[in-house]
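Because only heavy atoms are used, hydrogens play no part in the values below, and waters and symmetry mates are left out as well, while side chains stay in.
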Amino acid sequence: MPFDFRRFDIYRKVPKDLTQPTYTGAIISICCCLFITFLFLSELTGFIANEIVNELYVDDPDKDSGGKIEVTLNVTLPNLPCEVVGLDIQDEMGRHEVGHIDNSMKIPLNNAHGCRFEGFFSINKVPGNFHVSTHSAMAQPANPDMRHIIHKLSFGKTLQVENIHGAFNALGGADKLASKALESHDYVLKIVPTVYEDMNGMQQFSYQYTVANKEYVAYSHTGRVVPAIWFRYDLSPITVKYTEKRQPMYRFITTVCAIIGGTFTVAGILDSFIFTASEAWKKIQLGKMQ
């Protein structure tokens, strides 16, 4: 007797004349196909779209920066003339620079009664501060008005990524025009290194920051202290990394198989239950008639 290879067929076919179509089965089949199509399209959309995964670790990711961080500052002081506005920088490495002028620009406003200060400078990766003040002026104004609007304060390069919304310009739009004229403004910043890695493994480095602030009038034993806008910063040891990933093909195929198999199985159980209950009800009705 020759060996029949068809014995390995686990999907045995049932002749059509031994099957019985029902309206309930047709409705369940249509709903089943629609449900599978919906889930498949949802899964396909997720497979095509890139996923951003974030993680935290302790390290300095941008070791090629030479221990420096680039800073961009754009602030408007509507009641302080440009000739007395200056930027001072100091840190724990001994840097103490008064009247920083490199890569900075002052734009007179309000008929030269106000000033817009734009600066691009670098700071060391150690705790320190930079502040907008009148300390570098040849003659100190009698009542320097430090009310201001911060348009931009950012650290490092701007990430060219649309789907990441971090605190890269947390102070952008800060409006202190309603404050008292002689108050100092103290912003305490915690700078967080940030890395973005795309699908090709290319990395971009930047910095986010959190901020807390207070306003006060400072006094010393000689009288009132000249007000200023202080930005006191420290670096976080924690780095935030965003990695762009795509769902692997094998996971997509596994999910699609699970969707199709699971839906057909549940639909078959439901159809079998309804059909069995319907047949039982018919037998009960026939028994009553007899």
Under 3.5 Å donor-acceptor, His100 side chain and Asp102 backbone
yes

What are the two closest heavy atoms between Glu183 and Val217, and how far apart are they?
CG-CG2, 3.7 Å

Whether the Thr243 and Glu197 side chains hold a donor-acceptor pair (N or O, under 3.5 Å, no angle test) is what I'd like checked.
no

Are there over 12 heavy-atom neighbours, none belonging to Ile101, within less than 6.0 Å of that residue's CD1?
no

Using a 3.5 Å distance criterion without hydrogens, assess whether the side chain of Thr239 forms a donor-acceptor pair with backbone atoms of Asp59.
yes

Spell out, as yes or no, whether a donor-acceptor pair under 3.5 Å connects the side chain of Asp145 to the backbone of Arg147.
yes

Within this structure, what is the CG-CG distance for the pair Asp234 and Asp91, rounded to the nearest 0.5 Å?
11.5 Å

What's the separation between atom NE2 in His185 and atom NZ in Lys214, rounded to the nearest 0.5 Å?
13.0 Å

Donor-acceptor check, side chain of Ser206 to backbone of Lys157, threshold 3.5 angstrom: yes or no?
yes

Is it true that, when you exclude Met199 itself, more than 12 heavy atoms of the residues, nucleotides or ligands shown sit nearer than 6.0 Å to its CE?
yes

Is it the case that over 12 heavy atoms from other parts of the model lie below 6.0 angstrom from the CZ atom of Phe264?
no

Atom pair CD1 (Ile48) and CZ (Phe252), whose distance is rounded to the nearest 0.5 Å:
7.5 Å

Between Thr45 (side chain only) and Leu41 (backbone N and O only), is there a donor and an acceptor less than 3.5 Å apart?
yes

Should the pair Tyr187 and His148 be assigned to parallel (<30°), tilted (30 to 60°) or perpendicular (>60°) ring geometry?
perpendicular

Donor-acceptor pair between Lys245 and Asn50 side chains, under 3.5 angstrom
no

Between Ser278 and Phe275, is there a donor-acceptor pair closer than 3.5 Å when you use the side chain of the first and the backbone of the second?
no

So that I can tick it off, tell me whether Lys180 and Glu215 are bridged by a salt bridge, with the cut-off set at under 4.0 angstrom between side-chain N and carboxylate O.
no

Least distance between heavy atoms, Leu177 atom then Asp175 atom:
N-OD1, 2.9 Å

Would you find a donor on one side and an acceptor on the other, under 3.5 Å apart, between the side chain of Gln208 and the backbone of Ala167?
yes

Considering residues, nucleotides and ligands other than Phe38, do more than 12 of their heavy atoms fall under 6.0 Å from its CZ?
no

Examine distances only and state if a side-chain atom of Glu244 and a backbone atom of Glu51 form a donor-acceptor pair shorter than 3.5 Å.
no

Given 3.5 Å as the limit, does a donor-acceptor pair link the side chain of Thr194 with the main chain of Val192, or not?
yes

Distance-only donor-acceptor check, side chains Ser133 and Asp88, under 3.5 Å:
yes

Supply the atom-to-atom distance Glu70 CD to Ser122 OG, rounded to the nearest 0.5 angstrom.
5.0 Å

Report yes if the distance between the aromatic ring centroids of Tyr209 and Phe155 is under 6.0 Å, otherwise no.
yes

Using the benzene-type ring in the case of Trp, are the ring centres of Tyr196 and Tyr242 under 6.0 Å apart?
no

Test side chain to side chain contact (heavy atoms under 4.5 Å, CB included) applied to Lys176 and Asn213, Ile149, Leu77, Ile229, the passing residue:
Asn213

Surrounding NZ of Lys106 (heavy atoms of other residues, nucleotides or ligands, distance under 6.0 Å), is the total greater than 12?
yes

Give the minimum heavy-atom separation between Asp271 and Ile28, together with the two atoms involved.
CA-CD1, 3.7 Å

Judged by atom type as modelled, is there a donor-acceptor pair below 3.5 Å linking the side chain of Asp198 to the main-chain atoms of Gly201?
yes

Straight-line distance of Glu43 CD to Ile36 CD1, nearest 0.5 Å
13.5 Å

Taking atom OH of Tyr233 and atom NZ of Lys190, what is their separation to the nearest 0.5 Å?
13.0 Å

Sub-6.0 Å ring centroid separation between Phe130 and Phe121
yes

